[in-house]
2 protein chains.
Amino acid sequence: MRTSDLPQMRSLPLFESMGESNFETLMQAAYLQTFPAQLDLITEGDPADFLYVVTDGCVELYARSNGRETTMALVRPVGTFILAAVLKDAVYLMSARTVQKSRILLIPSQNVRAAFERDEAFARAIVQDLAGCYRGVVKEHKDLKLRTAVERLANRLLRYHSEQGATGSLELPYDKRTIASLLGMTPENLSRAFNTLKPYGVDVDGAAVRLNDLDGLVTLAKPNPLIDDRGT
Amino acid sequence: MRTSDLPQMRSLPLFESMGESNFETLMQAAYLQTFPAQLDLITEGDPADFLYVVTDGCVELYARSNGRETTMALVRPVGTFILAAVLKDAVYLMSARTVQKSRILLIPSQNVRAAFERDEAFARAIVQDLAGCYRGVVKEHKDLKLRTAVERLANRLLRYHSEQGATGSLELPYDKRTIASLLGMTPENLSRAFNTLKPYGVDVDGAAVRLNDLDGLVTLAKPNPLIDDRGT
DNA sequence: TTCAATCCTTGATAATTGTCAAGCCGCCGA
DNA sequence: TCGGCGGCTTGACAATTATCAAGGATTGAA
């Protein structure tokens, strides 16, 4: 890892409050690499050798069983993944691949665990991150168990809309098939769900979506902060 | 909390390696209470005032949205719940009620956070617990997204079977409606799923289940350690 | 430009799951 | 003993979702 990259890493929430010498030790063991799009980074079932931090680009977490595959989450800067497996020294539960060209920091698991032992501020940051991840999955799980496909889509659109400044329109951040998989439905079903939302003012043109009847859409979606709000 | 209860609390994995004085401080702030069955302990959306540790009995975690309700998890001794909300000083994402008469340790959130700061061993134990919870939800989520209702039931039966000693028969640990909700289906659908499994040697009589064709059931269920194994 | 590939959409159809209503059965209290 | 209640099951039906097949649109490479 080049010394010119160090200040940028230092400013990440995970590292900003840890002791200088601990930070340096951790970074000496770490690799900062750029990967092309659609590259497989890890496979579920493998032992957790590294903690991953996405500093640029986007990574998809997915899982397989039987012949089926589903998208579990998408990680954007600055997000970590596979933290729990690293802390438990266990195997990965999810696979990961880059969506786009991405720059990723890899920190060997044992160094993460050592730094966790040694540096209290780092331990706090790790725990906050992990607790946030936990609450994220719980929300995803509630979303899937308590809502129909159309409701999940409606709420997801409202979320992207507010994340992008609530201007009345939004850009879908991923391929439609990825969004379908993330929402737990087939691409065909996503198309039909968009059609179902047309009477509620949802106009789709490629990745561009206009929301012409926010009140109507909200009435249908019944957004719930305990499912839809991130970061709480 | 009575001093006669202290040694038992001390032996819980969460507390056994923490410093003596930190443990005493924590316990002085805590309450050990017995609650009757079907009592609501917490409601989603409320601020996380306490960390809960189930020492006897059983607690159901559930969530509501719109008019719907679903069981998220069941916590048996010795399990904690609502740890992430406590660490983040956030609101609960799930409600909780006792299933049976239960003895529960309540520790005020701020004391948990203080002990986390002060006691490194406690911090480690907390993180292991939290990481375990995280991996548990990820597995539940994979279960729901990658399997049909019948497959989920088949795998759950295999899990209970092996947890109970793999004797060829098992006892359902909860009401069928609770199991249905946990598995993400209606009680009616659970009944039908049991019927679908009859040709695979699954005989049900109340809460008693016999598995007369383990190989056949396994072939249907295709159990996956990355979904079904607890504790890894 | 043209071809092939990919992504998305649509239609027809099937499978899965949920809803509603009714009935059975065991359990508990009067 | 007798109701009555709750939990579970079943049947009929409806809604939701998936599957399969085909076709349109876009993109990128030859």
Side-chain angles (χ1 to χ4, degrees), chain A residues 36-38 60 64-71 97 99-101 143-157 171-200 202-209 220-221, chain B residues 36-38 60 64-71 97 99-100 143-157 171-199 202-209 220-221:
Chain A
Q38 293 302 325
E60 178 186 4
R64 271 193 250 259
S65 198
N66 287 341
R68 287 154 251 180
E69 176 180 318
T70 190
T71 302
R97 67 183 154 228
V99 173
Q100 341 159 334
K101 182 177 168 189
D143 191 44
L144 196 59
K145 286 186 92 174
L146 292 168
R147 287 172 171 162
T148 66
V150 172
E151 289 172 338
R152 293 199 296 279
L153 174 59
N155 281 293
R156 188 63 61 130
L157 292 178
E171 287 282 312
L172 298 178
Y174 319 108
D175 282 356
K176 282 182 185 155
R177 57 166 182 173
T178 304
I179 291 176
S181 182
L182 192 60
L183 295 178
M185 60 182 109
T186 58
E188 293 96 326
N189 223 349
L190 179 66
S191 273
R192 292 184 182 112
F194 271 122
N195 284 333
T196 306
L197 291 180
K198 212 169 256 173
Y200 296 87
V202 176
D203 281 349
V204 185
D205 178 21
V209 180
L220 172 82
Chain B
Q38 294 302 325
E60 178 187 4
R64 272 193 248 260
S65 197
N66 286 341
R68 287 155 251 179
E69 175 180 317
T70 191
T71 302
R97 67 182 154 228
V99 173
Q100 341 159 334
D143 191 44
L144 197 59
K145 286 186 92 174
L146 291 168
R147 288 173 170 161
T148 65
V150 172
E151 290 172 337
R152 292 199 296 278
L153 174 60
N155 280 293
R156 189 62 62 133
L157 292 178
E171 286 281 313
L172 298 177
Y174 318 108
D175 282 357
K176 284 184 183 153
R177 60 169 180 169
T178 304
I179 292 176
S181 181
L182 192 59
L183 295 178
M185 60 182 108
T186 58
E188 293 95 327
N189 224 350
L190 179 65
S191 274
R192 291 180 185 117
F194 271 121
N195 285 332
T196 306
L197 291 180
K198 212 168 255 172
V202 176
D203 280 350
V204 186
D205 177 23
V209 180
L220 173 83

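All values derive from a computational prediction rather than experimental measurement.
Put simply, chain B comes within 4.0 Å of DNA chain C, heavy atom to any atom, from C:dT17 to C:dC20, going 5' to 3'. Taking a heavy-atom distance under 4.0 Å as the criterion, the stretch of DNA chain D touched by chain A extends 5' to 3' from D:dT17 to D:dC20.
Qualifying side chain to side chain donor-acceptor pair (under 3.5 Å) partners for B:Arg147, counting only residues two or more places apart in sequence or in other chains: B:Asp143, B:Asp228. Annotation: side chain to side chain donor-acceptor pair (under 3.5 Å) contacts of B:Lys145 (sequence neighbours excluded): A:Thr70.
Distance CD/B:Glu60 to OH/B:Tyr174: 10.0 Å, rounded to 0.5 Å. Between the OG1 atom in A:Thr148 and the CE atom in A:Met185 there is a gap of 8.5 Å [rounded to 0.5 Å]. The OG atom of A:Ser181 sits 13.0 Å away from the CZ atom of A:Arg68 when rounded to the nearest 0.5 Å. Within the model, atoms CD1 of A:Ile179 and CG of A:Leu172 stand 4.5 Å from one another, a figure rounded to the nearest 0.5 Å. Between the OG1 atom of B:Thr196 and the CG atom of B:Leu153 there is a distance of 9.0 Å, given to the nearest 0.5 Å.
Taken residue by residue, residues 181-189 of chain B places heavy atoms nearer than 4.0 Å to DNA chain D at B:Glu188. Of the residues in residues 146-155 of chain A, A:Thr148, A:Ala149 come within less than 4.0 Å of DNA chain D through at least one heavy atom, sorted by number.
In terms of modelled atom types and a separation under 3.5 Å, the side chain of B:Lys176 and the main chain of B:Gly206 share a donor-acceptor contact.
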Before you tell me yes or no, could you show the steps for A:Val150 and A:Leu220 under side-chain contact (heavy atoms from CB on, under 4.5 Å), namely the whole-Å CA-CA distance, both residues' side-chain angles and the distance that decides it to 0.1 Å?
CA-CA 9 Å; A:Val150 172; A:Leu220 172 82; 4.1 Å; yes
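Two residues are said to be in side-chain contact when any heavy atoms from C-beta on lie closer than 4.5 Å; A:Asn66 and B:Leu146 fail this criterion. Residues A:Asp203 and A:Lys198 meet the side-chain proximity criterion, which asks for heavy atoms closer than 4.5 Å. The closest side-chain heavy-atom distance from A:Leu197 to A:Leu157 is below 4.5 Å.
A:Arg192 comes within contact range of at least one nucleobase, with a heavy-atom separation under 4.0 Å.
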